[in-house]
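Take a look at the structure set out below.
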Amino acid sequence: MKIVSLKHKKTNSSTKVLDCFVASGYLKGGHGSLPDVDQDFQSDKRQEVKEYIERRYNHDGKQRVFSAGTFTTLKVKAVIKDVARTMRISPSLVNYLTAIFEDDKCDYTGIFQLAAQNRKVAKFIHDYPALFEDIRTLMFQPRSSSVHASALLVTPDEMDGEDVECFDFVPIKKVDDILVSEDDGYSLDELGLLKNDCLATKELSKLHETIDLVNKHYHANITFEDIVESDLNDHRVYELLGQGYTQNVFQFSSKGITKFLIQMKPTCIGDLIAANALYRPATLENGATDAYVNCKNGYVAPTYLWGTYNALKETYAQMVYQEQMVQIAREVGGLSLGEGVKLVKFISKKKIDKIKTFETKFKEGAEKKGCPKEEADRIWSMIESGGTYLFNKSHATAYAVTSYVGAWLKANYPTAFYTVALQWADEKELVPLMSEMESCSSAHVVSPDINHSEDSFYTDYSSNAIFWSLSRIKMVGSKAVDWIINERNKNGEFTSVTNFIHRVFKYKLKKYQYWDDPDNEEEITRCPVNARHVLNLILAGCFDKIEHADSVVERYAIIEKAATELGFEIKEKDFPAELICKHYFWSQQQIKVSGLGAIDYKRIYDNSAIKEQIKGRAAYCTLKDILDPDKDGRKAAICATIVDIEEKKFTSKKTGEVEVFCKIVLQQNNDMSELVIWPEEYMSTRDKLINAKNKLIVCMASVKYSEYAGQNNLQLTKNKLIEIL
């Protein structure tokens, strides 16, 4: 059971769920099992919710609430290292060998399968056979205990007519003043106790913050519940998601699921629920995602096995949810709902003996209902294979509704949405966010302004301009920002960089008339702003407006003014004479210190040395231009910034040799793309590229569609026309 709450005060429905379960004690009768009650709260409210649950259910001196324990297990790397330590085997050798193993994919048999492919592993096993004999019984055993991050248990108030506490049900220990069970969550499930996962998610905090901004600036008077309780049928939401504008939308912002939504073309909340459940490794591997898309878009007609139509009609004959499996087990195999729930758990935990018992019962029940034997066998195979990856529909629904709320705010109040999104974004998320914002809304980011920018992103809702945050400027910490803003609020806007320096540094710059001039307490307060802060503020563009700088190259004059006032030296190596008149140099400096800046790449290309060599072979293209499907297979002249370079290896199918190629991430302001350089071209250009990160590249490339990325990317042409600036 999944319950999503925006604020801890809005938990009446979830506490009623708890009340109805904890009032009567253990799970009784032939039912399935108690559900986990998953409740998501704002990340800053989770502790308050935990305290609320403890106040509500711990009463009359009785302790009914405790945290679930958990265990870390000895996986392959840990068990080899621990046993090797007792045998005094060289730690450096052990660390080197265990780096080859993958904990999540390697069991005891997998060790020897890897040895058959890797001579170093085989030699290690041959040299230390006793080690691998010892780890056989130790693998996957508990190694250490800890406290579960979210699981709270609430025990009944009474049992068999007697008052009881949590100590009457399970062994309890105290860890840092927290009561913790000696058993883990799975064991507590088996005992029939109710597990309440009290989860914290920053997504709900972001939505809450966005709604507050919407109500403040647009007087919308909306709540999270208002959106959830609407018909969930705003066509703008589904149009936005279907076009791939999914940045910062809960669960839907990764490249893979964005591509899936574009293919799916969602039209209702049911599609979003299915997307949450379908986009998972197992369903991608078995083709269920593609089958759903093809049937939904009418390319293929869904085919239903005997008796499965009622259960699978909403998902086009694809078994997507655990609830569908339970329904099929009942309607086709004659099992009860409780038995169906147990079957889901047994299959997910691979309890073979119990699964076989249900298989016999299912097929006998299907025969009685008139299901042909071949169809029953196929349906059982579908159940058995699907049970390991099927998703809980109530969980998927809660997530889909939360996703819808975020997408609804983006579609209807994009400026408020992006203001919050930018504030919460980490550095690598900023460029994709700003690129999408420019494409699908009127909101736009502008350079920081010393008279408008705040410690967070400040938005002028009349113009939809989002001013870059002062705290996003490198080395300018929160104390310096607070000092600047306090001075601005107290004594009015700054009028020039000189005025700024005199006011912010007024006590540092004070000239004494007499040796015994007294200082008051305010004057001796340490000013947290220094000359480096001022330089970075200038490079970020904070003083462009008040210094009437019409071009970024005029920032050098502002630096000279600041240097005169503060007495710092302008070094030639920081501002080379041949670059201070270059437009792109100052834009690069702005990007370097703030992450924001606009470079005129076309202008750089027009002035490049290799333009004449490219002329007639390819036309200049922006990174946004190459996304046009019609560009696939064409040549393009490109100028961009290299933000990342990565060498990769592969084994050639032709020669069998290991070859090296290169992937380069390119950026043009808010647009990004990938440039692939295959081995032959890379070997001849490697010397130019090896130290080219954060430099400019001008080249001729081929536009090629990438199945992995789901869009056009670039490949360096064999002509190797390339220039690094």
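Heads up: numbering here begins at 1 and tracks the sequence. Bear in mind that the values here come from a model prediction, so they are computed numbers and not experimental data.
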Return the CG to CG distance between Leu675 and Leu666, rounded to the nearest 0.5 Å. 5.0 Å

Distance check, rounded to the nearest 0.5 Å: Leu337 atom CG versus Leu343 atom CG? 12.5 Å

With sequence neighbours left out, write down each residue that passes ring pair (Phe, Tyr, Trp, His ring centres under 6.0 Å) with Tyr292, or none if nothing qualifies. Tyr316

Tell me, with the steps shown, if Tyr682 and Glu647 meet side-chain hydrogen bond (donor to acceptor under 3.5 Å, both in side chains). CA-CA 10 Å; Tyr682 184 50; Glu647 285 189 350; 2.5 Å; yes

Glu203 vs Thr402, side-chain hydrogen bond (donor to acceptor under 3.5 Å, both in side chains): CA-CA, chis, key distance, verdict: CA-CA 9 Å; Glu203 184 61 29; Thr402 306; over 6 Å; no

A quick test of your reading: do over 12 heavy atoms of other residues, nucleotides or ligands sit less than 6.0 Å from [atom1] of [X]?
X      : atom1 : value
Tyr304 : OH    : yes
Lys361 : NZ    : no
Glu314 : CD    : no
Gln47  : CD    : yes
Gln141 : CD    : yes
Asp176 : CG    : no

Are Tyr128 and Phe132 close enough that their ring centres sit under 6.0 Å apart? no

I need the full list of salt bridge (charged side-chain N to carboxylate O under 4.0 Å, His left out) pairs touching residues 108-125, with sequence neighbours left out, sorted by first then second residue. Lys123-Asp127

Quick check against the 3.5 Å criterion: does [X] have a side-chain atom that pairs as donor or acceptor with the backbone of [Y]?
X      : Y      : answer
Thr155 : Arg64  : yes
Asn118 : Leu114 : no
Asp632 : Tyr705 : yes
Glu681 : Ile677 : no
Ser181 : Gly69  : yes
Tyr108 : Ile135 : no
Thr246 : Phe252 : yes
Asp290 : Val293 : no
Glu182 : Pro171 : no

Worked verdict on Leu284 versus Tyr279 for side chain to side chain contact (heavy atoms under 4.5 Å, CB included): CA-CA 7 Å; Leu284 287 167; Tyr279 197 78; 3.7 Å; yes

Could you walk me through whether Leu272 and Leu241 pass side chain to side chain contact (heavy atoms under 4.5 Å, CB included), step by step? CA-CA 10 Å; Leu272 301 188; Leu241 296 176; 3.8 Å; yes

